[in-house]
*Asks:* 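Please read through the structure below; I'll follow up with questions.
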Amino acid sequence: MGIRENLLTVYKKIKLAAKKSGRNPEVIKIVAVTKTISPQTIQEAINEGLTTFGENKVQELLAKQPLLPPGIEWHMIGHLQTNKVKNIVGKVKLIHSLDRYSLAQEINRWALKKSTKVNVLVQVNVSGEPSKHGLAPVELTGFLDEVAHLPGLQILGLMAMAPQTDNPEETRPVFRKLRVLAENSSKNRPGLALVYLSMGMSNDYEVAVEEGANIVRIGSAIFSA
Ligand SMILES: *Cc1c(COP(=O)(O)O)cnc(C)c1O
């Protein structure tokens, strides 16, 4: 199967999952995850109508970006080292992986320097696995209070990764918890609207959509043969 067939499957499954939970499939944004994917193949995906691409390494993102048309949207979805922040501020539409205060400060510093605002999602380690980055759910409230005064940051939502499992059903509680965290955190903060939930990858995006994802990050289900 090629990208076109893969995409048709993904669109169909997103539609079904949205329908199942009474949601509008149109609001669900696909970030095509292109780590290790060549610029030529990314161009094929653009030709098939994809507009938004996610990378998990700054170097890889910066290497590919100039080789592709300027109109597409790039997202940084992987763990972000503080010393790389200066290279991507202004180059990406959304950073999915804000997970500590020192990183927030650095993003803020470069945003102000470059007279811009940086859109970010706060990554939450809902499942508590030591191998995963992200704040513990109990830390979220305090963190949002801490970063609220940083004018260079626009906090738009939350991101999480579910545990790797052969049974996508096992991911449901993780996605549900992220949605509830976003709802509760927005409630008592007038200046804050956590409108984006970035959750769901190739193995579990249908469950994520059923639980409220409006950004799914999909790699292999689009690009694998
Ligand atoms: C690789 C990656 C994905 C996509 O994974 P697939 O299983 O290929 O869909 C999504 N999110 C992050 C943070 C990733 O690193």
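Counting starts at 1 for both ligands and their atoms, following the listed order. Quantities reported herein were computed from a predicted structural model and do not represent experimental measurements. Numbers here are sequence positions counted from 1. The figures here come from the full heavy-atom set of this structure, side chains too, leaving out hydrogens, waters and symmetry mates.
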*Asks:* What atoms of ligand 1 come within less than 4.0 Å of a heavy atom belonging to Ile218?
*Replies:*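 Counting from 1, the qualifying ligand atoms are 9 (O).
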*Asks:* Could you label the plane-to-plane angle of the His79 and His133 rings as parallel, tilted or perpendicular, counting under 30° as parallel and over 60° as perpendicular?
*Replies:*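 His79 and His133: parallel rings.
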*Asks:* Which residue and non-hydrogen atom of the protein lie closest to atom 8 (O) of ligand 1, and at what distance in Å?
*Replies:*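 Going atom by atom, the protein heavy atom closest to atom 8 (O) of ligand 1 ends up being Ser220 N, 2.8 Å.
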*Asks:* Could you identify the single nearest non-hydrogen protein atom to atom 11 (N) of ligand 1 and state the distance to 0.1 Å?
*Replies:*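 Protein heavy atom at minimum distance: Arg217 NE, 2.9 Å.
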*Asks:* In the single-linkage hydrophobic clustering (I, L, V, M, F, W, Y; side-chain heavy atoms under 4.5 Å), do Ile77 and Val58 co-cluster?
*Replies:*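 No, because Ile77 and Val58 fall into different hydrophobic clusters, even though each may have its own neighbours under 4.5 Å.
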*Asks:* Would you say Ser38's side chain and Thr41's backbone share a donor-acceptor pair under 3.5 angstrom?
*Replies:*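 Yes; judged by distance alone, with no hydrogens or angles, the pair exists.
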*Asks:* Strictly by modelled atom types, are Ser198 and His96 linked by a side-chain donor-acceptor pair under 3.5 Å?
*Replies:*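 Their side chains do contain a donor-acceptor pair, which is all the 3.5 Å distance test asks for.
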*Asks:* When you measure from atom 2 (C) of ligand 1 to each heavy atom in Met201, Lys35, Met199, which option holds the nearest one?
*Replies:*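 Among Met201, Lys35, Met199, the closest heavy atom to atom 2 (C) of ligand 1 comes from Lys35.
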*Asks:* Is the closest side-chain donor-acceptor distance between Thr165 and Glu170 under 3.5 Å?
*Replies:*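 There is such a pair (donor and acceptor under 3.5 Å, judged by atom type) between the side chains of Thr165 and Glu170.
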*Asks:* State whether the side chain of Asn214 and the backbone N or O of Val27 hold a donor-acceptor pair below 3.5 Å, judged by distance alone.
*Replies:*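 Not at all, since once roles are kept as given, no pair shorter than 3.5 Å links the two residues.
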*Asks:* Quick check on contacts: which atoms of ligand 1 are under 4.0 angstrom from a heavy atom of Gly219?
*Replies:*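 Those qualifying, in numeric order: 4 (C), 6 (P), 8 (O), 9 (O).
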*Asks:* Nearest non-hydrogen contact with atom 9 (O) of ligand 1 belongs to which option: Ala221, Ala160, Gly54, Ser202?
*Replies:*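 Looking at heavy atoms only, Ser202 sits closest to atom 9 (O) of ligand 1.
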*Asks:* Are Asn203 and ligand 1 in contact, using a heavy-atom cut-off of under 4.0 Å?
*Replies:*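 So Asn203 does not count as touching ligand 1.
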*Asks:* Specify the protein heavy atom at minimum distance from atom 13 (C) of ligand 1: its residue, its atom name, and the distance to 0.1 Å.
*Replies:*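 In this structure, atom 13 (C) of ligand 1 has Ile77 O, 3.5 Å as its nearest protein heavy atom.
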